[in-house]
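Hydrogens, waters and symmetry mates play no part in the numbers below; they use all other heavy atoms, side chains included. The chain is numbered in sequence order, starting from 1.
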Amino acid sequence: MSLGIPFRRAHNIVGKLVKKCNESGCGLEDLTLEAIREHAPECGPEVYRKLNPEVVLERKATGSTGLDAVKYQLLKWEKRLEL
């Protein structure tokens with residue numbers, strides 16, 4: 001699921017939302033949809049799936065935070081470092 005937001009803009013939006021969370025002592029998943037839409041009006045309720053930490057483990061792109069990609073990098077570097 002992609003919201004079609006360019007990376008630079010998404011990074012800026014997330015930074016603002018994290019700042020809001022730090023100030024109010026909550027997590028991203030605790031923000032109301034209205035609070036999220038203040039910075040990203042194109043977001044709908046589906047945005048909460050992206051805020052679930054377990055979702056990052058599902059990513060498939062090379063070099064991502066997906067579980068398979070991380071395992072691959074660990075094995076690669078263990079071999080390279082001869083651990």
Side-chain angles (χ1 to χ4, degrees):
M1 172 184 70
S2 171
L3 297 174
I5 299 173
F7 178 81
R8 186 174 290 187
R9 181 164 176 258
H11 189 274
N12 185 277
I13 290 167
V14 171
K16 290 177 182 178
L17 294 175
V18 167
K19 181 179 179 186
K20 182 180 286 226
C21 289
N22 285 337
E23 291 170 349
S24 60
C26 69
L28 286 169
E29 70 280 2
D30 299 319
L31 292 174
T32 64
L33 186 54
E34 292 75 26
I36 294 170
R37 285 183 170 164
E38 286 176 23
H39 302 287
E42 58 273 269
C43 288
E46 71 281 354
V47 73
Y48 288 101
R49 174 155 162 67
K50 292 287 190 181
L51 298 178
N52 180 341
E54 293 176 4
V55 170
V56 300
L57 299 176
E58 298 172 4
R59 294 181 180 158
K60 300 294 180 196
T62 302
S64 73
T65 55
L67 192 56
D68 291 339
V70 171
K71 285 180 181 178
Y72 171 78
Q73 287 296 322
L74 285 171
L75 289 172
K76 177 182 165 183
W77 283 99
E78 284 175 351
K79 284 182 182 179
R80 188 167 184 178
L81 297 172
E82 298 179 22
L83 297 178

Are Ile13 and Val18 connected, step by step, through hydrophobic side chains (Ile, Leu, Val, Met, Phe, Trp, Tyr) whose heavy atoms are closer than 4.5 Å? yes

Quick one: does Ile36's side chain get under 4.5 Å of Leu51's, heavy atoms only? yes

Taking the side chain as every heavy atom from C-beta outward, state whether Glu38 and Glu34 have any pair of such atoms under 4.5 Å apart. no

Shortest non-hydrogen contact between Leu33 and Gly44, atoms and distance: CD1-O, 3.6 Å

Same hydrophobic cluster for Val55 and Val70, using side-chain heavy-atom links shorter than 4.5 Å among ILVMFWY? no

Dump the intermediate steps for side-chain contact (heavy atoms from CB on, under 4.5 Å) on Lys60 and Asp68, then the final yes or no. CA-CA 7 Å; Lys60 300 294 180 196; Asp68 291 339; 3.8 Å; yes

Heavy-atom closest contact (Ala35 atom, Leu17 atom, distance): O-CD2, 4.0 Å

Leu57 side, atom CG; Glu54 side, atom CD - distance, nearest 0.5 Å: 7.0 Å

To the closest 0.5 Å, what do you measure between CG (Leu28) and OH (Tyr48)? 10.0 Å

To check you understand the geometry: which heavy-atom pair defines the closest contact between His39 and Arg9, and what is its length? O-NH2, 3.5 Å

Considering all heavy atoms of both residues, which atom of Ala69 and which atom of Gly63 are nearest to each other, and what is their separation? CB-N, 4.1 Å

Go through it in stages, so that I can follow the logic: the residues are Tyr72 and Thr62, the test is side-chain contact (heavy atoms from CB on, under 4.5 Å), and I'd like the CA-CA distance, side-chain angles, deciding distance and then a yes or no. CA-CA 9 Å; Tyr72 171 78; Thr62 302; 5.8 Å; no

